[in-house]
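Just so it is clear, the model here is predicted, and its values are computed rather than measured. In this chain, numbering begins with 1 at the start of the sequence shown.
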Amino acid sequence: MISFLLGAVSMASFIAALFFLRYWRDTRDSLFGFFAASFFLEAGNRVLVSLSGDLTEALPVLYTVRLLSYLLILAGIVHKNRPRA
């Protein structure tokens, strides 16, 4: 059951990434690009969790990928709100 739920979360993250990618393509707003990259990483992370066999997510590399994903969101917010010269 846990593998099924991880697959559903991975698919939802992938679809969210595709939506953000489409919004980025239409507007060229960098925040959407950062969000798309973050959700692609999250989708890949969930796939790695389900394929690793250790469904407790105890591997440090899985946390590192998730941290990178959240840092991408923060970088996008900072980039969007920085003052323009």
Side-chain angles (χ1 to χ4, degrees):
M1 182 66 159
I2 293 173
S3 294
F4 174 77
L5 292 175
L6 282 171
V9 171
S10 176
M11 181 189 64
S13 296
F14 185 74
I15 289 172
L18 290 177
F19 274 109
F20 281 118
L21 193 62
R22 186 184 73 186
Y23 296 143
W24 173 79
R25 188 189 66 205
D26 292 344
T27 64
R28 294 294 181 200
D29 188 353
S30 62
L31 184 64
F32 291 135
F34 280 105
F35 268 89
S38 175
F39 275 100
F40 277 127
L41 276 176
E42 280 293 322
N45 189 30
R46 300 300 176 179
V47 169
L48 287 176
V49 168
S50 66
L51 293 178
S52 71
D54 184 16
L55 298 178
T56 61
E57 301 183 34
L59 298 173
V61 70
L62 299 175
Y63 289 112
T64 306
V65 172
R66 192 171 296 159
L67 176 66
L68 179 63
S69 174
Y70 295 145
L71 288 176
L72 272 173
I73 292 173
L74 285 174
I77 292 170
V78 168
H79 182 267
K80 178 76 174 174
N81 290 316
R82 69 184 167 144
R84 305 282 185 227

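- The structure places CZ of Arg46 at 13.5 Å from CG of Leu51, a figure rounded to the nearest 0.5 Å.
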TODO: Run the numbers on Lys80 and Asp29 for side-chain contact (heavy atoms from CB on, under 4.5 Å), then give the verdict.
DONE: CA-CA 8 Å; Lys80 178 76 174 174; Asp29 188 353; 3.0 Å; yes
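- Closest of all the heavy-atom pairs between Glu42 and Arg66 is OE2-CG, 3.4 Å.
- Counted by atom type alone, Ser38 and Ser69 present one or more donor-acceptor pairs between their side chains at under 3.5 Å.
- Here the CG-CG distance, from Leu41 to Leu67, works out to 11.0 Å after rounding to the nearest 0.5 Å.
- Following chains of ILVMFWY side-chain contacts shorter than 4.5 Å, one can reach Phe14 starting from Tyr23, so the two form part of one hydrophobic cluster.
- By the 6.0 Å and 45° rule, Arg22 does not stack over the aromatic ring of Trp24.
- By the criterion of side-chain heavy atoms lying less than 4.5 angstrom apart, applied directly or through intervening Ile, Leu, Val, Met, Phe, Trp or Tyr residues, Leu48 is grouped together with Val61 in one hydrophobic cluster.
- Phe19 is connected to Met11 through a chain of hydrophobic side-chain contacts under 4.5 Å among Ile, Leu, Val, Met, Phe, Trp and Tyr, so both are in one cluster.
- Connection of Phe32 to Leu74 is not established within any shared hydrophobic cluster, with ILVMFWY side chains joined at heavy-atom distances below 4.5 Å, either directly or through further cluster members.
- Without hydrogens or angle criteria, Ser10 side chain to Leu6 main chain gives no donor-acceptor distance under 3.5 Å.
- Considering every non-hydrogen atom in both Phe34 and Leu72, the closest pair reads CD2-O, 3.5 Å.
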Open item on the list: Evaluate Ile73 against Ile77 for side-chain contact (heavy atoms from CB on, under 4.5 Å), listing each step before the verdict.
Closed with: CA-CA 6 Å; Ile73 292 173; Ile77 292 170; 4.1 Å; yes
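- Hydrophobic clustering, with ILVMFWY side chains joined whenever heavy atoms are under 4.5 angstrom apart, groups Leu21 together with Ile15.
- Note: Phe39 and Phe20 meet the aromatic proximity criterion, with ring centroids under 6.0 Å apart.
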